[in-house]
Amino acid sequence: MKIATWNINGVRARIDVLVAWLKESQPDIVCLQEIKTVDEGFPRLEIEALGYHVETHGQKGFNGVAILSKIRPDEINRGLPGDDADDQSRFIEGVFSVNGGAIRVCSLYLPNGNPIGTEKFLYKLSWMDRLSAFAESRLALEEPLILAGDYNVIAEPHDCWDVKVWQNDALFQPQTRQAFRRLENLGFTDAVRATTDAAPLYTFWDYQAGCWQKNFGIRIDHLMLSPEATDRLVSTDIEKHVRAWEKPSDHVPVAARFNFAV
DNA sequence: ATGTCTCCACGTTGGAGA
């Protein structure tokens, strides 16, 4: 089973690229971020025509996440628990049946948090606290759980092209990296790092200043796996070639294969 | 340093967010 995450940067503007990629990559489950549309605006017919179920948690103009799946979800939960006043659409969870058991797949769009020293950075850190609490509660189920998405976290220095450029950015602050490590300390595994020692590896290249051409990228799109999911992990791919397509997202898909049987 | 995208709105251009 192939599970992928991709920050699509506007699904309405990117529908042709998304359809082309789905046909080529053939993922079983896709976590999308930054769909930038309300649920009614999602181009679901084009996706359903390829045999995918579509579950969205949209928002007008910004944010928005979705889960596309070849198999029908048994359950969908929208929104990250822990703050009823949070009205930003950044989290959706799907539960699927495989081998008679359940797997949980979450599509998350972690707040950017810039600039540091503002409410936006505090919101990022509190959102990460809520994510850790959610992850810890789900661990008790002892099920395969995949927390996939745009974390807006540069976890290690070799995950960016120049630490000097990022040292004052919310994505690389000590508090940000510490909060990310809390997930690892709970028992979650970074799927890409579990399957390769290669560095640098990037998943995002800014549209500006020729960053793609110069390979000035950062690795911020992650699949974090519970122990039960890590046990089933086979391989990962950062589908970098998609960044060179016409009208690309600034992020590329990141995929992991598991030996779950449907 | 701020070169590019996407989306929205008292829309045909500018601001916000990334």
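Hydrogens, waters and symmetry mates are skipped; everything else that's a heavy atom, side chains included, is used. Chain naming here is simple, since letters A, B, ... match the order of the sequence lines and numbering starts at 1 in each. Small disclaimer: the values here were computed from a predicted structure and weren't measured.
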Span that lies between the [atom1] atom of [M] and that of [N], in whole angstrom:
| N | M | atom1 | result |
| --- | --- | --- | --- |
| B:dG11 | B:dG15 | P | 15 Å |
| B:dT12 | B:dC7 | C1' | 16 Å |
| B:dC10 | B:dT4 | C1' | 27 Å |

Original post:
How do A:A209 and A:G61 order along DNA chain B: which one's closest nucleotide is nearer the 5' end?
Top reply: A:A209
Original post:
Between B:dT6 and A:R14, is there an OP1 or OP2 to side-chain N/O distance shorter than 4.0 Å?
Top reply: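 For B:dT6, OP1/OP2 do have a side-chain N/O of A:R14 under 4.0 Å.
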Which atom pairs link the protein and nucleotides 9-18 of chain B when you take only N or O atoms and keep those under 3.5 Å?
from, atom 1, to, atom 2, distance (Å)
B:dA9, OP1, A:K60, NZ, 2.9

Original post:
Under 4.5 Å between any side-chain heavy atoms of A:F260 and A:P144, yes or no?
Top reply: yes
Subject >> Side chains of A:V192 and A:V254 in contact at under 4.5 Å (non-hydrogen atoms) >> reply: yes
**OP:** Kindly say whether A:I220 contributes a backbone atom to a donor-acceptor pair with the side chain of A:T203 at under 3.5 angstrom?
**Re:** yes
**OP:** Decide if atom CG of A:N259 counts as having more than 12 heavy atoms of other residues, nucleotides or ligands within a radius under 6.0 Å.
**Re:**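 Yes.
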Original post:
For residues A:N7 and A:E34, is any side-chain donor paired with an opposing acceptor at under 3.5 Å?
Top reply: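 Indeed, the side chains of A:N7 and A:E34 share at least one donor-acceptor pair under 3.5 Å.
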Original post:
At under 4.0 Å between heavy atoms, what does A:A13 touch on the DNA or RNA strands: base, sugar-phosphate, or nothing?
Top reply: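 Sugar-phosphate, no base atom in range.
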May I have the list of side-chain donor-acceptor pairs in residues 43-51 of chain A shorter than 3.5 Å, sequence neighbours left out?
from, atom 1, to, atom 2, distance (Å)
A:R44, NH1, A:E48, OE2, 2.9

Subject >> d(CZ, A:R243; P, B:dT4) in whole Å >> reply: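 Computing the A:R243:CZ to B:dT4:P distance gives 12 Å.
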